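Let me begin by presenting the structure, written as structure tokens, before commenting on it.
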Amino acid sequence: MRVRELVKSFEPYRVEEGDYPVRLDKNESPYDLPNWVKEEIFEELRELSFNRYPHITSMPAREAIADFYGLSPENVAVGNGGDELIRYLVRLFEGGYVVTTPPTFSMYYFYAKLNGIPVLEVPLREDFTIDGDAIAEKAGNASAVFIASPNNPTGNLQPEEEIVKVLDTGTAVVLDEAYAEFAGKTLWRLIEEYPNLIVLRTFSKAFSLAGVRAGYLLANGEIVDALYRVKSPFSVGVMTMAAVKVVLRHYDLVERRVAKIIGERERIRRAFREFTYPSDANFLLMRLNAYEFLLGKGIAVRKLAGRLDGHIRVTVGRKWENRKLIEALREFLEVRECG
Ligand code: PMP
């Protein structure tokens with residue numbers, strides 16, 4: 001037996017497993033669900049048969065999501081995290097390669113490569129916006145174009161007119177809106193106009209369910225149908241579907257938390273305006289080579305590389321966590337100035 005060279009070329013799974021009391025490295029919600037919401041989920045669980053497989057196409061969760069949007073369940077697919085859906089989307093459509101726009105979420109590249117699908121990269125412009133014309137030029141022979149808006153790790157929304165340029169090519173466009181709740185803007189309604197648009201969303205961020213693993217996409221029925229032909233049948237369990245149903249009932253709570261996170265995001269940004277890019281998400285991109293320094297203070301953030309070498313991505317945390325971050329970064333800047 002020999003592990004494929006391609007597999008060896010992927011980075012080992014890297015997690016700061018140490019004792020870091022402040023974890024601002026994974027863009028999770030810093031707020032767990034309150035106990036009264038968990039109790040509601042437990043009530044739902046009581047009624048479920050744990051001995052039976054979950055619904056083969058996750059209908060209970062799709063119905064709840066469809067109701068939330070005023071769509072039909074035929075326009076909704078649910079996955080074990082948005083991540084699982086990306087795994088299928090890289091190979092669902094005909095074409096010679098997928099297009100990505102680095103620096104962006106690495107899983108598009110990862111799953112394409114793992115499936116032996118070439119990746120054509122059309123880098124973001126200097127200001128981190130996508131170049132719609134450049135992508136459209138390459139999109140003709142592509143199976144799909146992946147665009148994250150707001151983008152991870154740069155934090156910015158992508159301009160609608162640039163996205164539309166890509167949609168007008170007719171190639172499948174996966175618009176990853178994992179952080180849309182923090183931006184207050186979404187293009188999901190364009191799925192009615194563009195049958196080639198797939199809007200990807202997740203419960204891992206604004207909805208506080210990263211540990212439960214639930215993501216979904218909104219798209220035309222043909223795409224949803226195609227996806228369910230190839231998707232693992234039981235990857236979304238009954239517990240996950242119960243949690244999804246309950247959190248969707250409490251969107252007011254999600255909105256209040258999103259508002260708090262945005263308030264905190266802007267507070268951090270104001271403190272380090274010179275080094276921090278504007279953000280439409282629940283994290284900030286900072287031009288500060290402070291990764292090791294912060295680890296030393298018990299604060300885990302994401303270290304970036306390549307074009308973003310010397311930058312860190314910092315998830316907005318709870319107030320006390322952000323206070324610690326601000327204190328530590330102030331110290332970092334002082335030490336840097338003295339040294
Ligand atoms: N898209 C983007 C841009 C993300 O940052 C993430 C999570 N980091 C995901 C999708 C997937 O999230 P999940 O698998 O937790 O739904």
Side-chain angles (χ1 to χ4, degrees), residues 11 13-16 23-30 32-33 58 61-62 65 76-90 98-112 114 124 128 130 144-158 163 173-183 185-188 198-219 227 231-232 235-237 240-241 243-244 247-248 254 261 265 279-285 300-304 308 312-317:
E11 296 221 352
Y13 199 65
R14 192 177 58 86
V15 188
E16 273 62 59
R23 311 238 27 163
L24 305 177
D25 57 339
K26 290 202 204 67
N27 295 350
E28 299 147 323
S29 173
D32 194 359
L33 291 181
S58 311
R62 291 166 68 197
I65 295 163
V76 183
V78 184
N80 190 282
D83 184 76
E84 187 197 16
L85 298 172
I86 294 168
R87 210 164 82 205
Y88 296 110
L89 288 169
V90 296
V98 303
V99 175
T100 67
T101 63
T104 190
F105 189 44
S106 57
M107 298 315 274
Y108 318 137
Y109 180 93
F110 175 84
Y111 282 125
L114 189 59
L124 296 179
F128 299 140
I130 55 165
V145 177
F146 287 80
I147 298 170
S149 180
N151 186 43
N152 175 12
T154 57
N156 57 301
L157 271 172
Q158 295 299 352
I163 294 169
V173 176
V174 178
L175 182 64
D176 185 344
E177 293 192 334
Y179 302 95
E181 289 87 354
F182 303 100
K185 182 173 163 76
T186 165
L187 295 183
W188 74 262
I198 299 124
V199 174
L200 185 68
R201 303 290 290 261
T202 181
F203 287 97
S204 297
K205 315 294 179 185
F207 282 87
S208 300
L209 288 185
V212 168
R213 308 305 298 128
Y216 60 99
L217 61 77
L218 308 175
L227 182 97
K231 191 184 149 297
S232 292
S235 61
V236 180
T240 300
M241 289 196 275
V244 162
V247 293
L248 283 172
V254 173
I261 290 168
R265 178 185 78 199
S279 169
D280 300 301
N282 66 339
F283 57 86
L284 288 157
L285 175 67
V301 299
R302 185 71 192 262
K303 184 182 189 170
L304 300 170
L308 294 176
I312 51 173
R313 189 197 68 191
V314 180
T315 309
V316 178

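Remember, predicted model here, so these are calculated numbers, not experimental data. For ligands, and for the atoms within them, numbers begin at 1 and follow the listed sequence.
The closest protein non-hydrogen atom to atom 1 (N) of ligand 1 is D176 OD2, 2.5 Å. Regarding atom 6 (C) of ligand 1, its nearest protein heavy-atom neighbour is F105 CZ, 3.4 Å.
Only the side chain of K205 comes within 4.0 Å of ligand 1, counting heavy atoms alone; its backbone N, CA, C and O stay farther away. With a heavy-atom cut-off of 4.0 Å, D83 touches ligand 1 through backbone and side chain alike. For R213, every heavy-atom contact with ligand 1 shorter than 4.0 Å involves the side chain, none the backbone.
Numbered from 1 in the order shown, with element, the atoms of ligand 1 that lie under 4.0 Å from a heavy atom of N152 read 3 (C), 5 (O). Close approach of ligand 1 to G81 is summarised as follows: ligand atoms under 4.0 Å from at least one heavy atom of the residue are 14 (O), 16 (O). Atoms of ligand 1 found under 4.0 Å from any heavy atom of Y179 (numbered from 1 in listed order, with element): 3 (C), 4 (C), 5 (O), 8 (N).
Between the side chains of R302 and N27, no donor N or O sits under 3.5 Å from an acceptor N or O.
The closest non-hydrogen atom to atom 15 (O) of ligand 1, taken over A178, S204, A281, comes from S204. The closest heavy-atom contact to atom 12 (O) of ligand 1, among the options T202, T104, V212, comes from T202.
Looking at L284, V301, N152, T154 one by one, the single match for side chain to side chain contact (heavy atoms under 4.5 Å, CB included) with R313 turns out to be N152. Shown are L89, T202, V199; of these, the side chain to side chain contact (heavy atoms under 4.5 Å, CB included) with L217 is made only by L89.
With a 4.5 Å cut-off on side-chain heavy atoms, F203 and V254 do not count as touching. Between E84 and R213 there is no side-chain heavy-atom pair separated by less than 4.5 Å. When side chains are defined from C-beta on, Y108 does not count as touching V174, because their heavy atoms never get closer than 4.5 Å.
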Given ring pair (Phe, Tyr, Trp, His ring centres under 6.0 Å), test F182 with F283 step by step and report yes or no. CA-CA 10 Å; F182 303 100; F283 57 86; 8.7 Å; no

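When ring centroids are compared, F146 and Y109 stay outside the 6.0 Å threshold.
Between G82 and ligand 1, at least one pair of N/O atoms sits closer than 3.5 Å.
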